[in-house]
Amino acid sequence: MVGTKSMGHTFPGACAPFGLVQLSPDTEMVPHNIGGVYQPDAYRYCTGYQYDDETIVGFSHTHFNGTGHSDLGDILVMPATGEVKLDRGTAEHPESGYRSRFSHEHEKAEAGYYSVLLEDYGIRAEMTATERVGVHRYTFPQGTQTGHIVLDLDYGIYHYDGKVLMANLRVEDSCTLTGYRITRGWSRMNYTHFAVKFSKPIVAYGCRNSEEVLYKGFWRRFDMTKNFPEMFGKRLTAYFEFDFSDGRPLEVQVALSPVDCLGARKNLEAETGGKSFDEIRKITQAKWERELSCIRMEADDDTKAVFYTALYHTMINPSVYQDVDGRYRGIDHNIHQAAEGQTNYTVFSVWDTFRAQHPLMNLIKPSRSVQFVHSMLNHYRQSVHRALPVWSHMGNENWCMIGYHSVSVVADALAKGLAVDKKLALDACVNSSNLHYYDGIAEYKKLGYVPLERSGSAASVTLEYSYDDWTISELAKRMNVADVEKEYAKRACSYRNIFDSSLGFARPKHQDGTFKKDFDLLDTHGQGFIEGNSWNYSFFVPHDINGLMRLMGGERMFVRRLDSLFTMHLPAKYFEHTEDINEEGLMGNYVHGNEPSHHVPYLYKWTDEPWKSEARLHEIMRRMYRNRIDGLSGNDDCGQMSAWYIFSALGFYPVCPGTDQYVIGSPFVKEAVLQLENGKTFTVKTKHASPKNVYVKSITLNGRPYRKAYLTHADMINGGEIEFEMCARPYKKSAAYEKPYSMTQ
């Protein structure tokens, strides 16, 4: 339940690790827009659920984990008794539709299982899921003779008038339905095919299509609203009645497929055929136990709860996007067959997840991470733009956010030794970085920066392109492709072109080379940045911290700037009207509730005052991650917020993905053992750890004194043990430790 209240945007429902199905309750449907006018309250319902609500609309089968924009909410199911109602009703008057009141007293959420009592009907609803099948069990009140299921194919998250392009439903036999729904939203064309299996025979059924149909052809000879086995329309809601006189619950299995209804039926049979609800729940929870056991840790109870909740959240997305027979819908909307041994995935929130979530998978789930990269490379091959994903889901590119950060994901995987086609990887990275009509790339290549006339986020884009280009340079270096290495090493220095030496901060430029006038360092809006102000974003040069330090006036000024970032007062006017951040995610002017600053607490490690990172990190972990319903200080963003915590609690973090280094911080756990896929273990131990002892006095690696401010991937993947001796005061001799990587020395 952590993150289901306020800013976390997580969902409480059931899913299997990295599964296509996330079967979860939705408590409200606020449309994304009405008549083209954005509805701000829609933001609260990015995952369909808010803990403070008192009614449930129904249970839909697809949800993002923790995003700040949304889509999905496919195939909503709701059980009911009494009169059949096909409207949703309202929170104030749920009895005006099929929704129901509920209370948290009768709600339970576990990994792979969810249950709640629908108070208006006295129905106990239970959910579990496999990778491709959502499984429901509805226990109706004793003595119920008839009850029904509403299947709403018009419902959706971030809905709007016209989002559903077509829905189709067929009654195949007395217990089986098939159908599909095509929507356009964040995903431009999302095909969701499904198959439904009921544990009881249908007694009667019907539907309503709320759209105005101007031509009905010769279908008009039928009454398609009652017991007619083919139902279709853009605003389709159906119901199915059942006999409950035997006192047995109704089990409903809903399989999804990106390909077709035949694929959905195959998925249903392969994953749930012949299995009961309890058997499926047991299998799925065993999968979660197995996945989460990759890290065994010891800490106080609250820290342990936060840690494993975070680890759970890192394993929801990306999501498998192919049928059990290997077929999947590609980015070109053709049907492809996955190569032997490969699995196609979707939901790549790359602007968020390149920072820590993908690097975490490279460390603890490398075999799955290889599949993620294969999926990205398939996306590139199928893309008419010949580009890697920017933000993609359900066979679509939605172009959200900035940069071409899939190049970072690919380069980091290769830097960590994962088995990926290197030539294809380099070609994909180079082509993605030269898509001249994408977000100012043509101007960036010509001018060395993206001008404000081309992008309202010009400064942010320039900084992020610079880092991405560095990862391409490093990839080419590993492959001995000298011309590409040289070209992209030069492009990686582009960040320097937007630093205003009079301010010591990044500042957007116009096409004529002049800096933006009337510039506000603290404002996020209208200043050439996105989801962060210049104070935060100016530190985003992870590949060249030494070069950045010089631009800011040297090490002493750099440290003063870092100190000020964490301690200065940020007036409320700079965040009170910002959708994706609130006071909970702030520490001074440092914004932990959004991604661009996540590496910043570690930057002291490049200076002669590295202990300042250690105190800051403990404060962030203590304040921004809590064992409570509103325990996340910002959107979880497909696991990035959570991955930051996992790394930081272990005592190290990938400040610059694309290197093989993890910058050492200060562990929050007493002890942790990473069970690596190669059969080896890497153990983190602490000595004298306590809430006051947040500073690192000494480090030993495999029993020997360790005098570097970073670990390498090989240090961990080859197995071993690191021990931190903790103390209550800054240990200033740690300044002599070897500093982490920087492009310039």
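Between the Thr10 side chain and the Gly3 main chain, a donor and an acceptor come within less than 3.5 Å of each other.
The 12-atom threshold is not exceeded at CD of Glu583, counting heavy atoms of other residues, nucleotides or ligands nearer than 6.0 Å. Counting non-hydrogen atoms of neighbouring residues, nucleotides and ligands closer than 6.0 angstrom, the CZ atom of Arg623 exceeds 12 such neighbours.
For the pair Asp74 and Arg181, the salt-bridge criterion is met [side-chain N within less than 4.0 Å of a carboxylate O]. A salt bridge is defined here as a Lys NZ or Arg NE, NH1 or NH2 lying under 4.0 Å from an Asp or Glu carboxylate O, and Glu110 with Arg281 meets this definition. The existence of a salt bridge linking Asp52 and Lys5 is confirmed by a sub-4.0 Å separation between a basic side-chain nitrogen and an acidic carboxylate oxygen.
By the 30° and 60° cut-offs, the orientation of the rings of Trp288 relative to Tyr312 is tilted. Between Tyr158 and His69, the angle of the ring planes goes over 60°, which puts this pair in the perpendicular group of the 30/60° scheme. Using the six-membered ring where Trp is involved, Phe232 and Trp219 have ring planes that are perpendicular, over 60° apart on the 30 and 60° scheme. Taking the six-membered ring for Trp and thresholds of 30 and 60 degrees, Phe59 and His136 have ring planes more than 60 degrees apart, a perpendicular arrangement.
Contact between Gly112 and Thr284 at its shortest, heavy atoms only, is CA-CG2, 4.0 Å.
Ring-centre distance between Tyr205 and His148: not below the 6.0 Å cut-off. Ring pair Phe575/His577: centre-to-centre distance not below 6.0 Å. Ring pair Phe11/Tyr49: centre-to-centre distance not below 6.0 Å. Note: Tyr51 and His104 meet the aromatic proximity criterion, with ring centroids under 6.0 Å apart.
Side-chain contact annotation: Glu107 with Tyr114, donor-acceptor N/O pair under 3.5 Å present.
Within the cation-pi definition used here (under 6.0 Å to the ring centroid, within 45° of the axis), Arg248 does not qualify as a partner of Phe244.
Just one of Asp154, Thr55, Thr237 meets the side-chain contact (heavy atoms from CB on, under 4.5 Å) condition when paired with Arg88; it is Asp154.
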(request) Just do the salt bridge (charged side-chain N to carboxylate O under 4.0 Å, His left out) check on Asp26 and Arg99 with the steps written out, would you? (result) CA-CA 10 Å; Asp26 296 325; Arg99 78 166 71 201; over 6 Å; no
